Number of protein chains: 2
Amino acid sequence: MVAKRTTIRDIAEAVGVSTALVSFALNDDNKKYRVSDEMVRKIRSVAHEMNYQPNSAAKSLRSGKTDTIGVILSDISNRFFADIARCIEDEASEAGITVMIGSTDENPKKFERLVDVFINKGVDGFIIVPCEKSEHVVRRLVEAKVPVVLIDRTYEDLDVSSVTLNNRKATSLAVNELYAQGFRKIHFVTYHTTISNIVDRETGYVESMKKCGLEDEISVRKIKYENILENMRSLIPQMLDGGTEALIFSTNRLAIDSLVVLREIGKKVPDDVAVIAFDGSETFAFDLYYTTVSYVKQPIEKFGTEAFSVLSRLIKTGDTRDYKSVVLHPELIVQESSRKRK
Amino acid sequence: MVAKRTTIRDIAEAVGVSTALVSFALNDDNKKYRVSDEMVRKIRSVAHEMNYQPNSAAKSLRSGKTDTIGVILSDISNRFFADIARCIEDEASEAGITVMIGSTDENPKKFERLVDVFINKGVDGFIIVPCEKSEHVVRRLVEAKVPVVLIDRTYEDLDVSSVTLNNRKATSLAVNELYAQGFRKIHFVTYHTTISNIVDRETGYVESMKKCGLEDEISVRKIKYENILENMRSLIPQMLDGGTEALIFSTNRLAIDSLVVLREIGKKVPDDVAVIAFDGSETFAFDLYYTTVSYVKQPIEKFGTEAFSVLSRLIKTGDTRDYKSVVLHPELIVQESSRKRK
DNA sequence: TAAAAATGCTAAAACGATTAAACTAAAGAA
DNA sequence: TTCTTTAGTTTAATCGTTTTAGCATTTTTA
């Protein structure tokens, strides 16, 4: 905190009026409270001269508002979440709201601790990427009537606002494209998890395979969140040996590490195997590959803007029962990696 | 802010004592203020039962401390800064300190506004990646005795703590490696800017070219921060036509976009031109290239940890005159892109 | 010309915590 | 027995704002 700041009382003394009047004049309450225009001008100019900066601790204490929101993500150093954070930050800054950010690393303990810390700091609301096994924490918030918006994932049986992707449609788009290109042995690589968005992507894959009449070709391979590259080194060759013609990945990370492995073992995309990745947020990574990579694109900015707008309303109205689910739509970016060569 | 929170007064009433005693008991002041062990136990258990969360606005108002620091970066969606932010966050969380993050986009106006907002929120100190033409803003902070640590870049004639890379050494390493490999026409691509770290990288290039006796081969090409890819599309072919044998880039972004262009125009690395990039933070992008890319590696985590540790001391001692410059060391990661083929 | 309304301002309480100072009761010293 | 310590607790001020209720004036209305 800065050394000896100007307070409202200092201004009051300098001008020779009460602190109340200064407060009225500095806030736009001067209409409501009938302060003379001349006085408003005087007070504001003195405040400016004395470089007055309101003490927000005092403000918060009085008003119960902090104009601060807590944003809890999986990992801020992951591009997808960083982009979302950036979006939220921009929206918030526009609205004069400050953002506190924390990363959970998908760890329920860290998640709970972050929630406590932010509650403690008195945030006005939360934007949260919830992690596995943390439904109770979010439930507690909802029950305490704390404004909350979940993004990227949600808990089905919780009455809470959310902004998510239509994940089933996302993988469905991928399957259909590959099917249309003539691929049949289309296989899916994903994480071992119960997180809703990842699960939905799997469901989407399975369902659309069935719709395409490829029920017998369905193959879902799941790996752990740790040592992805290592896991891929054994999984990918094994799948190719098994006759896989096309690969769909449920996340960006999985796709990238697989591409690395494919290069390592000298397999060509899409000649040896077609690929559709998830998430264009790291497009530039794909740009460097010898072939351009098709991928399911999420409207990243919208996650941020929508979440912020829903949260703002929640905070403003104070009616946390009035929750709302926003579902965003994926787009398939078709490039070379999913083309069938004869 | 959460609906009707338990206050210290609620606890006091529940236990039937004064609020002062509750405060003593909850803080470890019970030694200093001689509260009976039994009472401490009782108060703490009631506080726990009532799910007491101290109101930090009140705490801050009283103490003038917020246990919050402001972190101002160039752009949180840039991997390099996101990694640093992540590091700072981890350190801070360990120490029970909350972080507020903002991005300047290298825009002095945004920078100044962020500083004002954070000051306003009463942060205890700043970690800042300063942008061009903002020396006066940082100076004002320093003069107001606000704890500040600059990272990545600094202002030479400001008495302020900083954590920076030895940038001259960084490019020097690159030049020497290329020279040792037998390259002579080693050229440097950088931004048009006065930001200290970028300028130092140029200086390092020029100086070590001279030391290698390659004074006549020195060539520095500068481009604007906007439309990098477009700029590269015209610059790179032009340089190759001019006989460039090896390229050194002053940043990651420049390197990546150039690699994209080189692929587009069908030039092979390192056969047609050798490349040394800057910053390994997006290594995975390089992993996908047909050839692995050599680069100057910055110790990213150290930027975060060192900056936080310096800032902590600054805040604790309150002696902002006791500033300190930490200089970190780059490492050259040699891979295929800088190898001379015969 | 008195009553009513509008205008411009102030006093003081409140928000929730911390803390210096004071107070009480019991224990120890003289 | 009286005085001094010590332990355990309370009182009340304080941090910087906001805001309700109310006090003088002046202006309008009837």
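In what follows, every chain begins at residue 1, and chains take the letters A, B, ... in the order their sequences are listed. Please read all numbers here as calculations on a predicted model, not as lab measurements.
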Pair [X]-[Y], side-chain donor/acceptor within less than 3.5 Å:
X: B:E106; Y: B:S74; result: yes
X: B:T68; Y: A:K121; result: yes
X: B:D124; Y: B:T66; result: yes
X: B:T305; Y: B:E91; result: no

Self-check item: All pairs passing ring pair (Phe, Tyr, Trp, His ring centres under 6.0 Å) where residues 299-318 of chain A contributes a residue, at least two apart
Solution: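 Pairs touching residues 299-318 of chain A that pass the test: A:F80-A:F303.
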
For atom [atom1] of [X] and atom [atom2] of [N], their distance in whole Å:
X: B:I11; N: C:dG16; atom1: CD1; atom2: C1'; result: 11 Å
X: B:R9; N: D:dA12; atom1: CZ; atom2: P; result: 13 Å
X: A:K121; N: C:dG16; atom1: NZ; atom2: C1'; result: 15 Å
X: A:I8; N: C:dA14; atom1: CD1; atom2: P; result: 19 Å
X: B:R5; N: C:dG16; atom1: CZ; atom2: P; result: 9 Å
X: A:K59; N: D:dC15; atom1: NZ; atom2: P; result: 19 Å
X: B:K42; N: D:dT9; atom1: NZ; atom2: C1'; result: 13 Å
X: A:K65; N: D:dG16; atom1: NZ; atom2: C1'; result: 20 Å

Show the atom names and distances, to 0.1 Å, of all donor-acceptor pairs under 3.5 Å that link a side chain in residues 108-116 of chain A to residues at least two apart or in another chain.
| unit_1 | atom_1 | unit_2 | atom_2 | d |
| --- | --- | --- | --- | --- |
| A:K110 | NZ | A:D105 | OD2 | 2.7 |
| A:E112 | OE2 | A:R140 | NH1 | 3.2 |
| A:R113 | NH2 | B:S93 | OG | 3.1 |
| A:D116 | OD1 | A:R140 | NH2 | 3.3 |

Quiz prompt | nucleotides 3-12 of chain C: protein proximity per nucleotide (B base, S sugar-phosphate only, - neither; heavy atom, under 4.0 Å) | solution = ----BBSBB-

Quiz prompt | B:A58 side-chain proximity, nearest of D:dG16, C:dG16, D:dT19 | solution =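 Of all the options, the side chain of B:A58 is nearest to C:dG16.
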
